[in-house]
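Just so you know, these numbers use all the heavy atoms, side chains as well, and skip hydrogens, waters and symmetry mates.
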Amino acid sequence: MKIISWNVNGLRACMKKGFVEKIQELDADVYCIQEIKSTRKQAKLEISGYEAYWNSSRRRGYSGVLVLSRVPPISVREGLGLEQFDIEGRILTLEFEDFYLINVYQPMSKGRLSRDNYRSDWDDAFFKYLKALNKPMIICGDFNVAHTYIDIYPENLRNEKNPVGFQPIERAKFERLLHWGLVDVYRLQNPETRGYTWWSYRLFKRREDRGWRLDYFLVSQRLLPTVLDTEILSHIHGSDHCPISLEVTTSISRQMTWTATLLSRLWDGIDWPSYERILFEKQQAVARAVRERNRSQIDQMQDEIINLPEARALAVRHVSETESEVGTDGVRWETSSQKMQATFDLKVEGYVCQPLRCVVIFDGKKDRRINIPTYRDRAMQTLVRYALEPVAETTADRKSFGFRKGRSGFDVDHYIRRTLEGSKVPLWVLRADVKSYYDTISHRWILRNLPLKAPLKAYLNAGIILNGELFPAEEVGISQGSGISPVIGNMVLDGLQSYIQRRLYGGAPVENYAYGDLIRFADDILVFAKSEAQAKEIKSIVADFLSVRGLKLSEEKSSIRSIQQGFAFLGRYYHLRNGKVIAEPSKDNLRRFEEKLMHYIERHTGSVEELIIGLNKMIVGYTSYHRMTDAHDAFRHLDVVIQALLIQKVRALFPRQYWTKLEKKFWYKISKDEYIFSAEDKRHLQVIRCVDTVPIRYLPVKTNYNHFLDTEYKKSLDYRRAVNNKGGKYKRLWKSQDGKCYLCGKAMLPSHQLTVIDTEPLGKFSAYIHIKCSEHTVEYRDASHVRGLDVSALLEQLNDYQPEENTTFPTHDYGALREHFRKEHRQGFMMTFQEIGRLLGQQLGYLESTQSNFWYDTAPNCISHTWTDNGYAIRKLVLSQEQVYFLKANHSLTAFSVPTVFWDKKIPKNAQDEIEAFLGYIQKKYKI
């Protein structure tokens, strides 16, 4: 099927210019004509083989659209169904078997307020009309807007930045159609081509092709595989617009295979930051509706999210990037076309979750059952999670820290310490552990209390396949391998804090906010009490809360202890020492990590380099988790354990070699009595020492922080944490300063508040300092080098100073020329005086052009230093031709650049070892 769209700017006028002949010549199946400015009676248009469908404006000589089709439609609809818009005759909708064809002539703003508002309202009504249609669609016509700068000849924007037809509001509402799922097929097939469809009659603009692209074919994503070609027919005259054409396959089947090349182009062209921004804005709207308790708006916005094309694409990207195991269908999304296809197929309507593939693994203690969904089901769960997260975040308990953005186990540690240190009386602690939490959550409670029941029900009703046998879903439990499980898990336990407070106090004033205070990380629960009796009461309250949800407390793992006795939580042990709260790795946590180290080192069969790399990953992970605790003694102990395990490993690998030889081979001396395990030929590759972990002063999140609503707070917190944690780009900065303040030179301890400042006006170099130093800089300045100076006398000398009349100062600036020679790598080359003058920023004068002394003079501040300092000498000077030839002073050598940072700044010890190792390798390889 071939479709032509053309704004004829008056049908009767165009007929006089050969309209009928051009129609017959183009031989299309359907013609969509806009701005006909006439009625059926006035135009008297009849073309053999075509049926005409009219929607004329009630205002004479104005607007109107027409469709000529030799393919009979199922139905035809005129207008939008709204009187204020339909009087202008701007839209015709033809229904075919598999799609709607919509011929549209959008109103122009014209720069008048009343007309701008009319255009904006028309756009909104048009969008609402499209959303109500139940088939894919092809929309064509004059949209009276240029989408991007490539759609306008640049000179047309010379006098006005945002003229009518290119105003931000017009472009935004056009883009809304694209975000909704329509595709501009011309731009898809011609991403960089400037093609125009309308030209002003003034100043020969059409002859010089200085126009606008205002006419479009917008096609639903489901119809893209049917698109064969699209073209701008700029050679056809008869109007100030030219026709545009679209050719699709004659039979459009819902089952046809997508074109891999087209799908790949769509996926690879996605603007991911824009997609993420659109999704986040929708999630913000849900969070606001939850805070305002607007239930109808919550449901509406959640439906928009799970049907949002951007959200579907992001869900597919998230799943495909994890590269996890395949589900029961064996499908993995690897290519761009597969991912784009999956995005189009990801629909909530009629969704049925496939059974989960169940695998059993041994985690060192017991067999664990892992249920693996298909990629499609994972993407659907991710999509539902996008809609659930804003609700979960806004309704969560304030001190719930697990699986929530911006929160971590570090926040748990901070608020435990804060509660214990802030209490005036000794506290008791209930450590509550939910028995088989994820395996026993009641499905009935979830479906009764959580939103988005349809997709959740599909997820919960999926059975499992184990050893080829299908087991139907039970009425309890959610899969731990699902991306949505942590969100559901949090929502099931949210409300526990308020439940405890109501049962303890019954609405009466709270006696002490530490009593009944809840801290939770997923299903790990901690509640503080004033006495053992109250802790037992709270335990009973928690059990009641859980029972409604099908859950029970684990009597074996739950405990009640006083702070004097100490208690373990999330791998840390909290207790009092000399009246101060101490948190250090718990004995069980330390023992499990030692066992993990032992198993890894003993069973490793690869190279020494691989052993060190893997071991360092384990050490970094463990020490990073505990580096804000009192873990120094535990880290020292681990260093001893690691060295002992490595000694055993080396002795087992080389049983016949003497120990002194093995020690020299694998242990690198870093100080008088300190050795560290390293690779023999790569001394820079060393096992990290736990005690070298930099402690941090953690900045906790405020308990009422909402990831979706407190965006400015999040930016500030992320920056302050990055600075304090010495992570990311600040890690190298911290090491370069050796942990000392840039201003005062004193140590920066974990208890100090730090910040990063720019040490140069342009911010090229940064440095760590104490916040106190930034506020009271003079207090920390070392002024010993200026003692004894008489400032008053110096000022008097300065005021009395007058330069002698014949005194001259060096005025030459050879910086650009010097830089040119510094970067030069050729053995020999020629430069003209003109090139040299350009680098100097001025033409060479008479002296430079006629006297050789200027070029060979070696006195201070002479030009010759720009090349001699960089290893070059003048080989030949030709004054008559204004040329100078340069040659490396030692042309048998080859130059290479060393970054200036290696000359200007202190190099860390590890970097020094690595450089020396690499230079030794080069020397040995090339026999230098």
Side-chain angles (χ1 to χ4, degrees), residues 3-12 14 30-45 50-69 71-110 112 114-145 165 169-170 173-174 176-177 180-182 214-220 241 244 246:
I3 305 170
I4 298 287
S5 174
W6 191 7
N7 180 320
V8 294
N9 192 17
L11 178 59
R12 288 175 291 175
C14 193
V30 183
Y31 295 91
C32 295
I33 313 300
Q34 304 92 41
E35 203 174 1
I36 56 176
K37 298 182 180 180
S38 60
T39 63
R40 182 193 298 265
K41 292 182 180 180
Q42 291 173 327
K44 299 179 181 179
L45 174 69
Y50 291 89
E51 187 67 35
Y53 305 94
W54 298 73
N55 185 14
S56 301
S57 171
R58 298 179 195 174
R59 175 180 166 187
R60 294 175 62 86
Y62 184 72
S63 187
V65 291
L66 163 69
V67 174
L68 302 171
S69 177
V71 180
I74 297 173
S75 65
V76 178
R77 178 175 174 180
E78 300 177 6
L80 299 172
L82 298 172
E83 179 69 14
Q84 66 269 35
F85 301 122
D86 292 345
I87 60 174
E88 294 191 355
R90 293 188 175 274
I91 184 170
L92 266 173
T93 302
L94 276 66
E95 181 184 3
F96 294 96
E97 181 180 357
D98 294 303
F99 68 98
Y100 287 103
L101 175 62
I102 303 171
N103 179 18
V104 62
Y105 175 44
Q106 289 195 322
M108 181 185 292
S109 298
K110 297 185 178 179
R112 299 196 303 266
S114 61
R115 202 59 187 175
D116 288 351
N117 292 338
Y118 185 86
R119 165 63 187 257
S120 180
D121 293 341
W122 198 96
D123 282 334
D124 293 338
F126 180 56
F127 184 57
K128 185 177 180 180
Y129 172 78
L130 297 180
K131 290 169 65 177
L133 299 179
N134 57 3
K135 289 182 180 181
M137 58 196 71
I138 298 174
I139 309 174
C140 63
D142 178 4
F143 284 76
N144 266 315
V145 61
I169 184 64
E170 296 171 323
K173 296 205 171 182
F174 182 84
R176 179 173 60 181
L177 298 174
W180 181 58
L182 296 172
L214 304 178
D215 303 84
Y216 301 84
F217 275 104
L218 302 184
V219 176
S220 296
H241 290 253
I244 58 175
L246 174 72

Distance alone, cut at 3.5 Å: any donor-acceptor contact between the side chains of Thr93 and Tyr129? yes
Subject >> Carboxylate-amine/guanidinium proximity below 4.0 Å for Lys135 and Glu95 >> reply: yes
Given side chains that start at C-beta, do those of Leu94 and Val67 come closer than 4.5 Å, heavy atoms only?
yes
Q. With a 4.5 Å heavy-atom cut-off, do Ile244 and Phe217 have their side chains touching?
A. yes
- prompt: For Glu35 and Asn7, what are the C-alpha separation, side-chain angles and deciding distance, and is it a side-chain hydrogen bond (donor to acceptor under 3.5 Å, both in side chains)?
  reply: CA-CA 6 Å; Glu35 203 174 1; Asn7 180 320; 3.1 Å; yes
Could you go through the side-chain contact (heavy atoms from CB on, under 4.5 Å) check for Tyr53 and Ser69 one step at a time? CA-CA 8 Å; Tyr53 305 94; Ser69 177; 4.3 Å; yes
Here the pair of heavy atoms bringing Ile139 nearest to Phe143 is CG2-CZ, 3.7 Å
Checklist entry - Just checking, any donor-acceptor pair under 3.5 angstrom between side chains of Asp215 and His241? => result yes
On a heavy-atom basis, the closest approach of Gly79 and Asn55 is N-ND2, 3.5 Å
Student check: side-chain heavy atoms of Val65 and Trp54 closer than 4.5 Å = no
Note to self: With a 3.5 Å distance limit and no angle check, can you tell me whether Arg119 reaches the backbone of Pro107 through a side-chain donor-acceptor pair?
What the structure shows: yes
Q.
Between Ile87 and Ser57, is the side-chain contact (heavy atoms from CB on, under 4.5 Å) condition met? List the steps.
A. CA-CA 6 Å; Ile87 60 174; Ser57 171; over 6 Å; no
Between Ser63 and Gly89 the two heavy atoms that sit nearest each other are OG-O, 3.8 Å
Practice problem: For Tyr118 and Gln84, indicate whether the former's side chain and the latter's backbone hold a donor-acceptor pair under 3.5 Å. | Solution: yes
With the side chain counted from C-beta on, respond yes when Leu182 and Val219 share a heavy-atom pair under 4.5 Å apart, and no when they do not.
-> no
Practice item. Please state whether the rings of Phe174 and Tyr216 are parallel, tilted or perpendicular, taking 30° and 60° as the class boundaries. Key: tilted
Problem - Close side-chain approach of Ser109 to Glu170, heavy-atom, < 4.5 Å - result: yes
For this session: Assess whether side-chain contact (heavy atoms from CB on, under 4.5 Å) is satisfied between Phe85 and Arg90, documenting all intermediate values.
Result: CA-CA 8 Å; Phe85 301 122; Arg90 293 188 175 274; over 6 Å; no
- Will you find, in the side chains of Asn103 and Gln34, an N or O donor that is under 3.5 Å from an N or O acceptor? yes
Q. Should the pair Asp123-Arg176 be classified as a salt bridge under the 4.0 Å nitrogen-to-oxygen rule?
A. no
query: Would you say the side chain of Ile3 lies within less than 4.5 Å of the side chain of Ile138, judging by non-hydrogen atoms?
result: yes
* To do: Would you mind reporting whether Leu66 and Leu11 have side-chain heavy atoms less than 4.5 Å apart?
  => yes
Query raised in the report: Checking salt bridge (Lys or Arg N to Asp or Glu O under 4.0 Å) for the pair Arg115/Glu88: CA distance, chi angles, key distance, verdict?
Result: CA-CA 13 Å; Arg115 202 59 187 175; Glu88 294 191 355; 3.0 Å; yes
(request) State whether the side chain of Asn144 and the backbone N or O of Gln106 hold a donor-acceptor pair below 3.5 Å, judged by distance alone. (result) yes
Between Asp86 and Leu80, does a side-chain contact (heavy atoms from CB on, under 4.5 Å) hold up when you go through it step by step?
CA-CA 6 Å; Asp86 292 345; Leu80 299 172; 3.8 Å; yes
Under 3.5 Å, side chain of Arg12 to main-chain N/O of Ala43, donor-acceptor pair present? no
* Is there a side-chain contact between Val104 and Asp142, using heavy atoms and a 4.5 Å cut-off? -> no
On a heavy-atom basis, the closest approach of Leu130 and Leu177 is CD1-CD2, 3.8 Å
Ring centroids only, cut at 6.0 angstrom: are Trp122 and Phe126 within range, meaning strictly under it?
yes
query: With a 3.5 Å cut-off and no angle check, do the side chains of Lys173 and Ser120 form a donor-acceptor pair?
result: yes
Note: Gln42 and Arg60 closest approach over all heavy atoms is NE2-NH2, 3.4 Å
Taken to the nearest 0.5 Å, the spacing of Thr39 OG1 from Leu45 CG works out to 11.5 Å
Notebook entry, point to check: Taking the six-membered ring for Trp, are Trp180 and Phe127 ring centroids under 6.0 Å apart?
Noted result: yes
